[in-house]
Amino acid sequence: MTWRVIDDIVMTRRVVTGTLAAPGRSCAMTDVWILGGTGRSARAIAAELQNQGIRPVLVGRDAGRLAAAANGLPTVVAGSVDETADAIRRERPAVVVNTIGPFTDTATPLLDACLPSSDYLDLANDLAAVSATLDRGDAFAAAGRTAVTGAGFGVTATESIVVKLCDGRPIPRRVRVDMVPSLIVEAGVVGDALAGTLVEGLPGVEGGRRFQGRRYRDGRLVPDKLAGDPIRLVLPDGSTVTTASMPLGELMAAQRASGAADVVAASSEAPASPVVRAILPAATALLNIGPVRAFARRRLAAVRFKATPKPREHSWGHAVIEWADGSTREGWLRVGEAQAWTGAVPAEIVRRLLGGQSKPGAYTPAALFGPNLAESCGGEYQILET
């Protein structure tokens with residue numbers, strides 16, 4: 001059963017369609033809004049939601065591009081993050097899915113706008129944005145709402161395997177997680193949102209000081225060498241990749257999921273060349289300089305890339321966990337193409353939020369829904385005992 005609300009806003013007739021409200025909730029609360037509606041992630045999420053019978057609303061800045069991407073879905077045009085926040089407060093959608101980077105800029109005003117009426121979900125994968133959202137847990141719990149951060153491939157895949165391996169076990173001593181995405185690249189430009197996420201989010205910020213890398217040591221988040229701790233991994237399919245440490249959202253999610261004092265998070269997307277790794281500290285130190293950082297962001301946003309096929313059949317999340325008695329467990333989570341999975345995971349979370357299957361507060365995906373979330377999205381675990 002569906003409902004329809006028709007209203008006139010700024011001389012534009014807008015039709016908003018959603019699923020039937022749950023008992024006790026007004027129909028005006030059942031919209032699912034996807035912000036950044038013309039982007040690849042937003043389109044993937046919208047397609048997955050429609051496969052589940054949920055008709056989302058796409059929100060974006062450019063009316064023409066938004067209409068082309070919507071393919072008949074309802075749309076909301078908002079020229080800025082502040083305008084989007086105002087629209088959220090006015091319309092009170094049930095769930096807001098934020099795909100707009102850099103999340104260090106967009107998450108806070110949108111989180112504010114969601115309270116007290118909307119649940120929030122984003123794809124953040126940088127430490128500052130993930131931490132900022134998790135810090136809002138008390139506010140969301142008090143409002144009876146839920147915020148989920150890190151709902152993309154990297155955080156969800158690595159956190160899920162950590163939760164799986166730690167289930168029923170004491171707190172481990174040491175954890176290493178590795179993300180190995182297999183991604184189809186569409187032709188186009190990087191764009192300002194992604195460039196901002198990469199430039200602003202990668203180094204991490206603490207007390208106004210930027211570090212080249214991060215890890216947990218003795219329970220504390222401390223500076224570390226960027227692209228350090230490189231290892232050669234043999235994937236379960238027999239292929240090999242090199243991963244090295246990256247200070248991304250997987251690091252915080254793995255530490256919170258395990259409680260381990262020592263945690264390293266690595267990625268196959270980290271620079272593998274010893275020469276490149278050697279010059280990274282000097283190169284990233286330049287990003288401390290505001291004008292240099294702004295210039296790098298503008299140049300990166302304009303970079304064009306060619307369409308390329310995925311490098312391997314599957315994407316992988318990997319973890320090795322060590323306990324105080326010397327015992328270890330190793331495991332893999334196998335999923336499909338990383339971008340497609342980044343559509344499936346948020347859509348499944350939205351379905352559960354709409355169905356009342358969550359709890360109030362702020363969480364990363366597997367911390368809220370457990371390891372079965374990944375399985376619900378087509379993931380398969382492979383656990384090795386040593």
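Positions are given from 1, in the same order as the sequence printed here. No hydrogens, no waters, no symmetry mates; every other heavy atom, side chains included, goes into these values.
- Side chain to side chain, Ser358 and Thr146 meet the donor-acceptor criterion of an N or O pair below 3.5 Å.
- Under the 4.5 Å side-chain criterion, counting only non-hydrogen atoms from C-beta, Val95 is not in contact with Ser118.
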Please report the C-alpha distance between Leu110 and Val96 in whole Å, then the side-chain angles of each, then the deciding distance to 0.1 Å, and finally whether the side-chain contact (heavy atoms from CB on, under 4.5 Å) criterion is met. CA-CA 9 Å; Leu110 295 173; Val96 173; 5.5 Å; no
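- The backbone N or O of Pro181 lies less than 3.5 Å from a partner atom in the side chain of Arg312, making a donor-acceptor pair.
- Side-chain contact check for Leu49 versus Ile34: some heavy-atom pair is nearer than 4.5 Å.
- Scanning for side-chain contact (heavy atoms from CB on, under 4.5 Å) contacts around Ala70 gives Leu58, Leu73, Thr75, with sequence neighbours left out.
- Side-chain contact of Asp262 with Tyr216: a donor-acceptor pair under 3.5 Å is absent, judged by distance alone.
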Just do the side-chain contact (heavy atoms from CB on, under 4.5 Å) check on Glu380 and Leu333 with the steps written out, would you? CA-CA 6 Å; Glu380 297 181 9; Leu333 175 67; 5.7 Å; no
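- Between the side chains of Ser239 and Asp237, a donor-acceptor pair is found at a separation under 3.5 Å.
- What you find for Gly379 and Trp341 is that their closest heavy atoms are N-NE1, 4.3 Å.
- Hydrophobic clustering keeps Leu248 apart from Val264 (ILVMFWY residues linked when any side-chain heavy atoms are closer than 4.5 Å, directly or through intermediates).
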Step by step, would you call Ile184 with Arg40 a side-chain contact (heavy atoms from CB on, under 4.5 Å)? CA-CA 11 Å; Ile184 296 172; Arg40 185 179 176 190; 3.7 Å; yes
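- Between Ser182 and Glu337, the side chains place no donor N or O within less than 3.5 Å of an acceptor N or O (distance only, hydrogens not considered).
- Under the 4.5 Å side-chain criterion, counting only non-hydrogen atoms from C-beta, Phe153 is not in contact with Asn125.
- Side-chain polar atoms of Gln339 and Ser41 form a donor-acceptor pair below 3.5 angstrom.
- No donor-acceptor pair under 3.5 Å is formed between the side chain of Thr108 and the backbone N or O of Thr104.
- Cys166 places a side-chain heavy atom less than 4.5 Å from the side chain of Pro172.
- Asp178 has a carboxylate O that lies under 4.0 Å from a charged side-chain N of Arg176, or vice versa, which qualifies the two as a salt bridge.
- In this structure, CG in Asp126 is found 12.5 Å from CG in Leu251, a value given to the nearest 0.5 Å.
- Put simply, CG on Asn372 and CD on Glu375 are 6.5 Å apart, with the number rounded to the nearest 0.5 Å.
- With sequence neighbours excluded, no residue satisfies side-chain hydrogen bond (donor to acceptor under 3.5 Å, both in side chains) with Arg43.
- Inspection of the Asn98 and Thr106 side chains reveals an N or O donor paired with an N or O acceptor under 3.5 Å.
- Of the inter-residue distances, the one linking Glu322 atom CD with Ser327 atom OG reads 8.0 Å to the nearest 0.5 angstrom.
- Proximity of Leu226 to Pro247: side-chain heavy atoms (C-beta onward) are separated by under 4.5 Å at one or more points.
- A side-chain donor-acceptor contact under 3.5 Å links Thr240 and Arg232.
- What you find for Gly154 and Glu250 is that their closest heavy atoms are O-CG, 3.2 Å.
- The nearest pair of heavy atoms linking Leu127 to Met252 is CD2-CB, 3.8 Å.
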Tell me, with the steps shown, if Asp112 and Arg136 meet salt bridge (charged side-chain N to carboxylate O under 4.0 Å, His left out). CA-CA 9 Å; Asp112 289 340; Arg136 302 294 293 275; 2.6 Å; yes
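- Looking at every heavy atom in both residues, Ser268 comes nearest to Thr243 through N-CG2, 3.7 Å.
- When the shell of 6.0 Å around CG of Asp138 is examined, it contains 12 or fewer heavy atoms from other residues, nucleotides or ligands.
- Within the 4.5 Å cutoff, no side-chain heavy atoms of Ile161 are placed close to those of Trp332.
- When all heavy atoms of Val163 and Pro371 are compared, the pair lying nearest together is CG1-CD, 3.5 Å.
- Here the OG1 atom belonging to Thr38 is positioned 8.0 Å from the CZ atom belonging to Arg61, to the nearest 0.5 angstrom.
- By the 30° and 60° cut-offs, the orientation of the rings of Tyr120 relative to Phe140 is tilted.
- The cluster map of Ile, Leu, Val, Met, Phe, Trp and Tyr, joined by side-chain heavy atoms under 4.5 Å apart, puts Val155 and Ile321 in different clusters.
- Scanning all heavy atoms of the two residues, the minimum distance from Leu111 to Ala147 falls at CD2-CB, 4.2 Å.
- In this structure, Arg65 places its CZ atom where only 12 or fewer heavy-atom neighbours from other residues, nucleotides or ligands lie under 6.0 Å away.
- Atom CD1 in Ile349 sits 7.0 Å away from atom CG in Leu353 (nearest 0.5 Å).
- A salt bridge does not link Asp224 with Arg214: none of the charged nitrogens is closer than 4.0 Å to a carboxylate oxygen.
- No continuous path of ILVMFWY side-chain contacts below 4.5 Å connects Leu183 to Trp316, so the two sit in separate hydrophobic clusters.
- From Ser376, atom OG reaches atom CD of Glu348 across 5.0 Å, with rounding to the nearest 0.5 Å.
- By the neighbour-count criterion of 12 heavy atoms within 6.0 Å, atom CG of Asp135 is densely surrounded, having more than that number from other residues, nucleotides or ligands.
- Hydrophobic clustering places Leu373 together with Ile383 (ILVMFWY residues linked when any side-chain heavy atoms are closer than 4.5 Å, directly or through intermediates).
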Can you list the steps and then say if His318 with Met179 is a side-chain contact (heavy atoms from CB on, under 4.5 Å)? CA-CA 6 Å; His318 174 251; Met179 72 158 178; over 6 Å; no
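- By the 6.0 Å contact criterion, CZ on Arg352 is enclosed, its count of non-hydrogen atoms from other residues, nucleotides or ligands being greater than 12.
- Here the side chains of Leu35 and Val97 are not in contact, with every heavy-atom distance at 4.5 Å or above.
- Within the 4.5 Å cutoff, the side chain of Val148 has no heavy atoms near those of the Thr364 side chain.
- Two different hydrophobic clusters hold Val320 and Val180 under the rule that ILVMFWY side chains link at heavy-atom gaps under 4.5 Å.
- Gln255 places no side-chain N or O within 3.5 Å of a backbone atom of Val263 that could act as its donor or acceptor partner.
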